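Before I ask anything, let me first share the structure, which is written out below as C-alpha cells.
Atom set for the values below is all heavy atoms of this structure, side chains included, hydrogens, waters and symmetry mates excluded. No experiment lies behind these values; they were computed from the predicted model shown. For this chain, numbers begin at 1 and follow the sequence in order.
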Amino acid sequence: RSLAAPALSLLALALVAAGLFAFIWFHEVEGEAAREAELAASKRIFAGLEPDDVEWIALRTSDGADVRAERDADTARWRLVAPIDFPGDGVALDAMASALAELDAVDEIDSPQAPGVYGLGDGARTVRFGAKGEERALRIGKDAPVGASRYVARVGDDAVHTVASWRANAFDKELAALRDARVLSFDRAAVRAIDVSWPGGAVRLEQRDGSWRIVAPLEARADAERVSDLLGDAGYLRAEGFVDAPTDDDLATLAEPELAIELELAPGDGDADAQTPLRTGFAIGRERDGTRLVRAGGATLFRIGAARIDDFPRSVEAFRDRALARFATLDAARLEIAYHDGATDAPATHRFTATREGDGWTSTPA
C-alpha cells in the first residue's frame, strides 16, 4: 500500500506532463502555423481564391490594347479571345492569375481620401477577372511614396490598400508579351519522322527501332545528337514579333523558303483515326531588313532574327553519323593497333596487341 501511492503520483505527473506537451504542441507549434495562415488570408485583397480558380482576365495592356484571355477548363491552357484570337502565353497569364489570387495587402489606408489622390480614379488601370463563376475587378493606382508599393482598390469597395510593386508589375505587359511566342508546339517523344528542306536539297529522317536514320536522299545512320539538337531548336524557336495581316511583300519572302521543317508525330490516344500520323512544321523565309518571317500553319506570321536560321543544319552531310564505331568500352576484349613508318600501302611495320584479362590488360609487346 505504501508503494502504490508514489506510483499513482508518478502516473498523475506523467499525465499532466503529456497534457502540457500536447497543449504546447497543438497550441504553440501547430497553432502558430494556423494563426499565420489565418493572418495571411486576412490580408488577401480577394480572399478565398487560388490561382487555378481564375477563369478569365480582361485588362488594357501597357501599349493600349484591350485584352481578354480565357483559360480552357480541360487543358488549363490560356487563349486570347480579344483583340485577336491567338494562343496565350501561359507564363505571363499564370503570373497574372497568381497575382490576383495571392495579392496581399501591405497596408490599408485609414480614412482614405478621394480615389484620384491615389491614382485610383477613372483613369486607373482596371483588371477584371472571373473566378468561381463570379466577376471581380481590381484598380491599380500610382506608386506609394514609401515601401516599394502601389495603391490598389477593389472595384465597388471604398477601401484603399498598398501592395508590393512586384505583384502589381505582373499586369504591366504589352499585348505581344501575352501572346504565345512559340513558333511550334509539339511533344518531342511523339516525333517519328522529320523532313528538312532548303533551296537545292532535302533530307528525310525516320526513327526506327529506337534510333534515327536518314532514308532520303540516301540510306545512312543519322547523328542522334544532331537530330536531338534540331528538335530542341525547333521547339525553342520564339517569335520576336507577329505579323497578323501579312502583305504581298511579306508573303513573297516565303515563296521559296530558306528552310522548311515538317514533323510527323505519332497520333495520340484521343485521335479519331489512330492510324493517321499528325503533321506540323514551319517554313522560314528569306532575309529582309535583318529579320525573317516564319509561317507555321496559321494566318499569322512570326518574325525572328535573321541569324536564327543558322541554328538549323542545311546539308545532308550534317545529319550523318560520323562515329566510326559504337560499342560499350567495358565489352572490349581485344585491341590491335597497326601503323606504318612510311607508305601506307606497305605492310605494317609496327603492331600492338592488348587483351583484357579480368580487370586488367596484357599487351604484346609488353
Side-chain angles (χ1 to χ4, degrees), residues 45 51 54-72 77-103 115-116 118-131 135-144 148-155 163-185 236-247 249-251 253 288-296 298-306 308:
I45 301 298
V54 179
E55 301 153 357
W56 58 268
I57 301 172
L59 77 161
R60 176 164 291 178
T61 62
S62 57
D63 54 344
D66 290 321
V67 168
R68 180 181 171 98
E70 298 179 355
R71 176 154 42 190
D72 187 281
R77 293 176 182 170
W78 288 96
R79 189 169 190 88
L80 302 183
V81 296
I84 53 173
D85 181 22
F86 201 82
D89 183 277
V91 174
L93 290 164
D94 279 343
M96 287 188 180
S98 295
L100 290 167
E102 299 172 351
L103 195 60
Y118 311 101
L120 296 169
D122 293 338
R125 172 172 293 168
T126 301
V127 181
R128 300 184 180 277
F129 67 101
E135 180 175 335
R136 307 161 195 249
L138 176 74
R139 281 189 174 178
I140 303 173
K142 61 185 182 181
D143 291 335
S149 57
R150 291 173 75 172
Y151 295 111
V152 301
R154 291 183 294 264
V155 172
V163 299
S165 295
W166 66 271
R167 279 292 194 188
N169 291 342
F171 308 104
D172 295 334
K173 301 290 185 183
E174 295 184 351
L175 171 60
L178 300 182
R179 302 177 69 166
D180 189 349
R182 292 178 298 177
V183 173
L184 210 58
S185 178
Y236 286 112
L237 187 62
R238 296 291 189 270
E240 298 176 5
F242 304 89
V243 180
D244 295 308
T247 65
D249 288 342
D250 293 331
L251 297 174
T253 66
R288 185 181 64 180
D289 300 328
T291 63
R292 298 178 188 272
L293 296 179
V294 183
R295 182 176 56 231
T300 294
L301 301 181
F302 300 86
R303 183 181 288 112
I304 63 172
R308 289 304 308 274

Inset, instruction - Output all residues satisfying side-chain hydrogen bond (donor to acceptor under 3.5 Å, both in side chains) with Arg292, sequence neighbours left out; order by chain, then residue number. - result: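 Partners of Arg292 by the side-chain hydrogen bond (donor to acceptor under 3.5 Å, both in side chains) criterion come out as none, since no residue qualifies.
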Legend entry - Pairing residues for Arg139 by the side-chain hydrogen bond (donor to acceptor under 3.5 Å, both in side chains) criterion, not counting sequence neighbours: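 In terms of side-chain hydrogen bond (donor to acceptor under 3.5 Å, both in side chains), with neighbours along the sequence ignored, Arg139 is linked to no residue.
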Inset, instruction - Answer yes or no: is there a side-chain heavy-atom contact under 4.5 Å between Leu100 and Arg136? - result: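 A side-chain contact under 4.5 Å is absent here.
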Inset, instruction - Answer whether the closest heavy-atom distance between the side chains of Ile57 and Trp78 falls below 4.5 Å. - result: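 Yes - at least one pair of side-chain heavy atoms lies under 4.5 Å apart.
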Inset, instruction - Not counting sequence neighbours, which residues clear ring pair (Phe, Tyr, Trp, His ring centres under 6.0 Å) with Phe242? List them please. - result: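 With sequence neighbours excluded, Phe242 shows a ring pair (Phe, Tyr, Trp, His ring centres under 6.0 Å) to Phe86, Phe302, given in chain and number order.
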Legend entry - Test side chain to side chain contact (heavy atoms under 4.5 Å, CB included) applied to Arg60 - qualifying residues, sequence neighbours left out: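 Scan of Arg60 (side chain to side chain contact (heavy atoms under 4.5 Å, CB included), adjacent residues dropped) gives Asp66.
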Legend entry - All salt bridge (Lys or Arg N to Asp or Glu O under 4.0 Å) counterparts of Glu70, not counting sequence neighbours: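 Testing Glu70 for salt bridge (Lys or Arg N to Asp or Glu O under 4.0 Å), a comparison that skips the adjacent residues, returns Arg68.
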Legend entry - Validation row: Leu293, Arg288 side chains within 4.5 angstrom (heavy atoms):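 Yes, close enough: below the 4.5 Å cut-off.
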Legend entry - salt bridge (Lys or Arg N to Asp or Glu O under 4.0 Å) partners for Arg71, two or more places apart: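 Salt bridge (Lys or Arg N to Asp or Glu O under 4.0 Å) list for Arg71, sorted by chain: Asp94.
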Legend entry - For Thr300, side-chain hydrogen bond (donor to acceptor under 3.5 Å, both in side chains) partners two or more places apart: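 For Thr300 the side-chain hydrogen bond (donor to acceptor under 3.5 Å, both in side chains) partners, ignoring immediate neighbours, are Asp244.
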Legend entry - Partner residues of Ala95 under the side chain to side chain contact (heavy atoms under 4.5 Å, CB included) criterion, sequence neighbours left out: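 Ala95 satisfies side chain to side chain contact (heavy atoms under 4.5 Å, CB included) with no residue once adjacent residues are dropped.
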Inset, instruction - Mind listing the closest non-hydrogen atom pair of Val294 and Val183 along with its distance? - result: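 Scanning both residues, the minimum pair turns out to be CG1-CG1, 3.7 Å.
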Inset, instruction - Go through the structure and list residues passing side chain to side chain contact (heavy atoms under 4.5 Å, CB included) with Arg77, not counting sequence neighbours. - result: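 For Arg77, the residues satisfying side chain to side chain contact (heavy atoms under 4.5 Å, CB included) (neighbours in sequence not counted) are Thr75.
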Legend entry - side chain to side chain contact (heavy atoms under 4.5 Å, CB included) partners for Pro246, two or more places apart: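 Partners of Pro246 by the side chain to side chain contact (heavy atoms under 4.5 Å, CB included) criterion, ordered by chain and then number, come out as Val243, Asp250, Leu251, Leu301.
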Inset, instruction - Tell me, yes or no, whether the heavy-atom count around Asp63 atom CG, taken from other residues, nucleotides or ligands under 6.0 Å, exceeds 12. - result: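 For Asp63, atom CG is crowded (more than 12 foreign heavy atoms under 6.0 Å).
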Name each donor-acceptor pair under 3.5 Å that joins a side chain in residues 167-175 to protein atoms two or more places apart or in another chain, with its distance.
| from | atom 1 | to | atom 2 | distance (Å) |
| --- | --- | --- | --- | --- |
| Arg167 | NH2 | Glu102 | OE1 | 3.2 |
| Asn169 | OD1 | Arg150 | NH1 | 3.4 |
| Asn169 | ND2 | Ser165 | O | 3.3 |
| Asp172 | OD1 | Arg125 | NH1 | 2.3 |
| Asp172 | OD2 | Arg150 | NH1 | 3.0 |

Inset, instruction - Could you pull out the closest heavy-atom pair between Ile304 and Ala239, with the gap in Å? - result: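 Minimum heavy-atom contact is CG2-CA, 4.3 Å.
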Legend entry - Spacing of Tyr151 atom OH and Asp143 atom CG [to the nearest 0.5 Å]: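 Rounded to the nearest 0.5 Å, the OH-CG separation comes out at 9.5 Å.
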Legend entry - Which atom of Pro51 lies closest to which atom of Ala97, heavy atoms considered: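 Pro51 and Ala97 have their closest heavy atoms at O-CB, 3.8 Å.
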Inset, instruction - Decide whether Thr247 and Asp249 meet the rule of one side-chain donor and one side-chain acceptor closer than 3.5 Å. - result: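 Short answer, no.
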Inset, instruction - Kindly compute the distance separating CZ (Arg128) from CH2 (Trp56), expressed to the nearest 0.5 Å. - result: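 Rounded to the nearest 0.5 Å, the CZ-CH2 separation comes out at 7.5 Å.
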Legend entry - Under the side-chain hydrogen bond (donor to acceptor under 3.5 Å, both in side chains) test, residues paired with Thr253 that sit two or more places apart: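 Listed in chain order: nothing, the list is empty.
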Inset, instruction - Would you indicate whether the side-chain heavy atoms of Leu237 and Leu184 approach each other to under 4.5 Å? - result: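 A side-chain contact under 4.5 Å is absent here.
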Inset, instruction - Identify the heavy atoms of Val152 and Ile45 that sit nearest to each other, and give their distance. - result: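 That closest heavy-atom pairing would be CG2-CD1, 4.4 Å.
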Inset, instruction - Could you tell me the separation between the CG atom of Asp72 and the CD atom of Glu55, rounded to the nearest 0.5 Å? - result: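 Taking CG in Asp72 and CD in Glu55, the distance rounds to 12.0 Å.
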